[in-house]
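The structure appears below as C-alpha cells.
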Amino acid sequence: MIVKRFRNGVVVRWIIAALLTAYLLCLPKKMFDVPYATVVTARDGELLGARIASDGQWRFPSCDTVPYKFRRCIIAFEDRHFYRHFGVYPPAIVRALKQNIQAGHTVSGGSTLTMQTVRLARGEKRTVWEKFIECILATRIECHYSKSDILALYASHAPFGGNVVGLDAAAWRYFGHSADNLSWAEAATLAVLPNSPSMIHFSKNRPLLLEKRNRLLKYLHDNNEIGTTDYDLAISENLPAEPLPLPQIAPHLVEYFYKTAGGKQTVSTIDKSLQLHVESILERWHNVFIRSDIRNIAAIVIDVRSSDVAAYCGNVRFADGNSSNQVDIIRSPRSTGSILKPFLYYISLHEGEILPKTLLADIPLNINGFSPQNFNMQYDGAVPADEVVARSLNIPSVYLLRDYGVPKFYDFLQKIGISTLNKSASHYGLSLILGGAEATLWDVSFAYTAMSQALNGGSSGDQNPFSPGAVWQVFDAIKEVNRPEEIDWRYISSMQTVAWKTGTSYGFRDAWAIGATTRYVVGVWVGNANGEGKAELIGARTAGPVMFDIFNILPSAPWFKRPEGEFVEALVCRQSGHLKGRFCDDFDTVPILPAGLNTDVCPYHTSVNMTIDGRYRVYENCIEAGQPIIKQNRFVLPPVREWYYKQHHPEYKTLPPFMPGCGGDSRLPMSFIYPQSNATVYLPKQLDGSEGELTFELAHSDPDATVYWHLDSDYLGLTRAFHKYTFRPLRGKHSVTVVDDKGNTLSIGITVE
C-alpha cells in the first residue's frame, strides 16, 4: 500500500511538473509571425511613405506604445477591467455563457483584450476548445508582458476593415495622420471598428458605426474621461468617407528601403518640410524642361555637419507609373562629364604637381585618335590651373591628368568613394576626366561633402581623405564659376557664396551641378533616364539653375574660414603661376601648400639680348664693337601655345627674329598643332566611299615665315602666314618634315590608318 501511494505520488508530481513545464513553454517566442509593410518616416517620425506587406495587408510594424486617447477608448469599449484581471475575467465569461444559452447561439465571447490578442496571434476558428486555449495563453501572456505591451500587441494587429491592420495603418488610411494625433472622435471610431470590422465599416452600416462611436464617447463623457467641450466637438465630427492614399513623399527613398530593408520601419534623416520644398522645385522645373523633351530630374541635399541626407528626390512624378520616372537617378551610374575635374585639381595641388595658377597647355591634342575639344571649340594656348577648373576646360584637364597619371587618379577616385569604377584604369584612360567613367549622384555628392567637412574641421565619421589646404584652394577656384543668373551675385549681400561645379556628358545625355557651402551640399542631375541626349542638356543651363533654386530655400551660411597652418609663403611668377625663376621680374608673394615648393620654377621666362631699337635679338659675341644692346627678361611660350595664347592676350609680345648673320635660336620657332609626333591618324571616308584627305597644321612664331612641306622624301608645297597643308598620304608609316625660310627644320613620324 505504501509503495503504491508512493508511486501514485511520484506520478502526480510528474504530471504536475509536465503541466507546469507545458504552461511555461506554451508561449511562443514570437507572438505574431506575419509580414509587415515597409514604413519610412522623416527624422521627426512623420510618415514619408509605405509599401504594402507581402500578404497584401496594410500592416505597419508593431508599435511600442499606444496613444492615450485610443488606449482610453479601447479599454472602455472592449475591456473595462483590463488593468484588474490576470488575462481572464471570469464574470465576463459567465455572463457571456448565460447570454449565449438564452439566445441559442453565440452573441458574446467574454474575451478580454489579452484573450483577443491571443486570438489574433493564433488565427484559429472560434470553438469552446479554442476559447479554453485562449484563456490559458492569456494568463501566460500576463505573466510575461506588461499591460502596456499587451495593449501595443493588440493595437498593432487588430483588424480595422478591408486590408487595414493595426492602429498606425488605420490612422493614416482613414484620417491621414499618425495615431499620436487622433482626436477623441477618431480614437473612438477606431476603437469600435475591430469589434466587427467586416459588418460595420465606413462603406457599410455607417449609421450603426456612428451610433456605436457616439455611445462610446458618451460613456467617456459620463465617466469624466473627456470634458463637455471635447465631447460636443467629438460627436459633431463626421465619419471619413473612404480610405485615403498614404503619403508619397520621397518615393524613391521609400522604394530603396523597401528593396533593402523590406518589412521594417525606418526612421530616415529626411527633413520633411525641406523635402516637400525640393520636390516642388523639381516639379516646377520639370514643367519647363519637358518642353524640350527632358523628362527626368534628381536632387539630393546633404547636411555637411552630420552627413545626414536632408532631402532625397530620386526623380520626378513617381506616381505616373512611367518606368523612367521610377528610376532612382541618385543611385544610378551616369556619365560624369566634367564633374570630377575638381578632384583632379585637388590631388594635383595636394601632391605638389601644380600651384593654383600654374599655366596648363590648351592646344590641340590627339593621342591615338583621342582628340578632346573644349566646350567652346576654341584654344587658349595656356590657362592658369584654377581658371581651367572654373571654366571646365577639357584639353588642359586632359594634359593635367596625363602628367599626374591615370592609375593614380583612378585609385584616388576609389578612395574618396566613387564606387562605380568597375573597369581597369587603362580601360578609361585619359577620358576618365571627361566623362569616360560613370558615377552616381550619391557618391559624387558625398565626395563634395567630405571636402566641405575637411574645411569645417572634419566629421564624426571615418577619416576624411581630403586635406583642408588643398580643398580651400579648390573651393576658392570653383566659387568663381559663372552663375546662371545674368546678375553678378558678388554684389548682392543676400546671395551666399557657393563652391559649385557643373558637368555635361558626351552627347548631351547628362547634366550635373553640385554645390557646397559650410552647411549643405546640393547635388542635381537633369536628363533622360533612358540615356536619350538633348541639345539643351547642358549642366550650367539646366542643372545649375535647379541647384541654385534649392540653395535659395536653404538657410544662408557663411563662407569657409581659411584653414590655419596649411600654407607657406612663396614667390610665384605672376604670368606663369610657377615658382619664381631667376629671370621672372613680375612676381607675388602668395600662400601655397608646402608640397608646392617642389614644383618647377618658371620655365617660360628667359633673358634675351636685343638691339636698342628692339627689332632683333642678338648674341653678345656677334655684336659689332661699341654697338649698344639691351638685356630683357621675357615671358616666352612654346610655339604652339604662343600661337593660340597671343590671340587671347594682345599684351603678349612675340620675340623678334635674330639679327641677320648673328646666329640662330636654339629654340625651334615652330611646332606641329596636328598631328602630334608618333600619332596614329585616320583617313576620313568620302560620301562615295573613297578615302579622304588629311589636313596638317603648324604654328610658327614668325608671322611672315614661309614653310616648305615634305612627305617622306617628296616635296609637297609651301605655306605662308597660315600654315595648313592638306594631302592624301598612303596607309602606313610616314615622316612629315617642314623647313622654314630661316633653315629651321622639324620632322614628325605618323601612322596612317
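With hydrogens and angles disregarded, no donor-acceptor distance shorter than 3.5 Å links the side chain of Ser62 to the backbone of Ser156. Looking only at distances, a side-chain donor or acceptor of Arg59 sits under 3.5 Å from a matching main-chain atom of Pro35. With hydrogens and angles disregarded, a donor-acceptor distance shorter than 3.5 Å links the side chain of Gln453 to the backbone of Val304. Panel note: side chain Ser332, backbone Asp328; a donor-acceptor pair is recorded below 3.5 Å. Checked by atom type and distance alone, the side chain of Thr38 pairs as donor or acceptor with a backbone atom of Gly263 at under 3.5 Å. Between the side chain of Gln496 and the main chain of Ala557, a donor-acceptor pair closer than 3.5 Å is present. The backbone N or O of Ala450 sits less than 3.5 Å from a side-chain atom of Asn464, completing a donor-acceptor pair. At least one donor-acceptor pair under 3.5 Å links the side chain of Arg334 to the backbone N or O of Ala529. At least one donor-acceptor pair closer than 3.5 Å links the side chain of Asp443 to the backbone N or O of Ser419. Listed for the Asn223 side chain is no donor-acceptor partner under 3.5 Å among the backbone atoms of Glu225.
Using a 3.5 Å distance cut-off with no hydrogens or angles, the side chains of Gln116 and Glu78 do pair a donor with an acceptor.
To the nearest 0.5 angstrom, Arg173 atom CZ is 13.0 Å from Leu190 atom CG. A distance of 7.5 Å separates CD1 of Ile300 from OG1 of Thr449, quoted to the nearest 0.5 Å. Between the NE2 atom of His81 and the OG1 atom of Thr112 there is a distance of 11.5 Å, given to the nearest 0.5 Å. Taking CG from Leu193 and CG from Leu209, the interatomic distance works out to 5.5 Å, rounded to the nearest 0.5 Å. Taking CG of Leu208 as the start and CZ of Arg213 as the end, the distance is 13.0 Å to the nearest 0.5 Å. A distance of 9.0 Å separates CZ of Arg305 from CG of Asn456, quoted to the nearest 0.5 Å.
Remark: Lys147 engages Glu142 in a salt bridge (charged side-chain N to carboxylate O under 4.0 Å, His left out) (not counting sequence neighbours). By the side chain to side chain donor-acceptor pair (under 3.5 Å) test, Glu283 is found to be paired with Arg317, residues two or more places apart in sequence or in another chain being considered. Every residue two or more places apart in sequence or in another chain that forms a side chain to side chain donor-acceptor pair (under 3.5 Å) with Asp308 is listed here: Ser306.
In this structure, the side chains of Cys73 and Thr189 stay at 4.5 Å or more apart for every pair of heavy atoms. Contact of the Asn325 side chain with the Asn296 side chain is registered, since non-hydrogen atoms from C-beta on lie closer than 4.5 Å. Taking the side chain as every heavy atom from C-beta outward, Ile150 and Phe82 approach each other to under 4.5 Å. Considering only heavy atoms from C-beta on, Ser183 stays 4.5 Å or farther from Leu233 through its side chain. Counting heavy atoms from C-beta on, the side chains of Val34 and Gln57 never come closer than 4.5 Å. Between Val498 and Val522 the shortest side-chain heavy-atom distance does not fall below 4.5 Å. Side chains of Trp184 and Arg72 form a contact here, defined as non-hydrogen atoms less than 4.5 Å apart. The closest side-chain heavy-atom distance from Arg119 to Met115 is not below 4.5 Å.
Smallest separation of non-hydrogen atoms from Leu182 and Lys69: O-CD, 3.2 Å.
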Residue pair His277, Ser273: steps toward the side-chain contact (heavy atoms from CB on, under 4.5 Å) verdict: CA-CA 6 Å; His277 276 92; Ser273 175; 3.8 Å; yes
Worked check of side-chain contact (heavy atoms from CB on, under 4.5 Å) between Ser452 and Val521: CA-CA 8 Å; Ser452 297; Val521 164; 3.9 Å; yes
side-chain contact (heavy atoms from CB on, under 4.5 Å) between Ile550 and Tyr520, intermediate numbers included: CA-CA 10 Å; Ile550 295 173; Tyr520 295 100; over 6 Å; no
CA sep, side-chain torsions, deciding dist, call: Asn528, Ser324, side-chain contact (heavy atoms from CB on, under 4.5 Å): CA-CA 8 Å; Asn528 290 315; Ser324 66; over 6 Å; no
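Relative orientation of the Phe548 and Phe551 rings is tilted, given thresholds of 30° and 60° on the angle between their planes. Relative ring orientation between Phe160 and Phe70 is described as tilted, the plane-to-plane angle lying within the 30° to 60° band. Taking the six-membered ring for Trp and thresholds of 30 and 60 degrees, Phe32 and His157 have nearly parallel ring planes, at less than 30 degrees apart. Relative orientation of the Trp442 and Phe446 rings is tilted, given thresholds of 30° and 60° on the angle between their planes.
In this structure, Tyr256 places its OH atom where only 12 or fewer heavy-atom neighbours from other residues, nucleotides or ligands lie under 6.0 Å away. Around NE2 of His177, the count of heavy atoms belonging to other residues, nucleotides or ligands within 6.0 Å exceeds 12.
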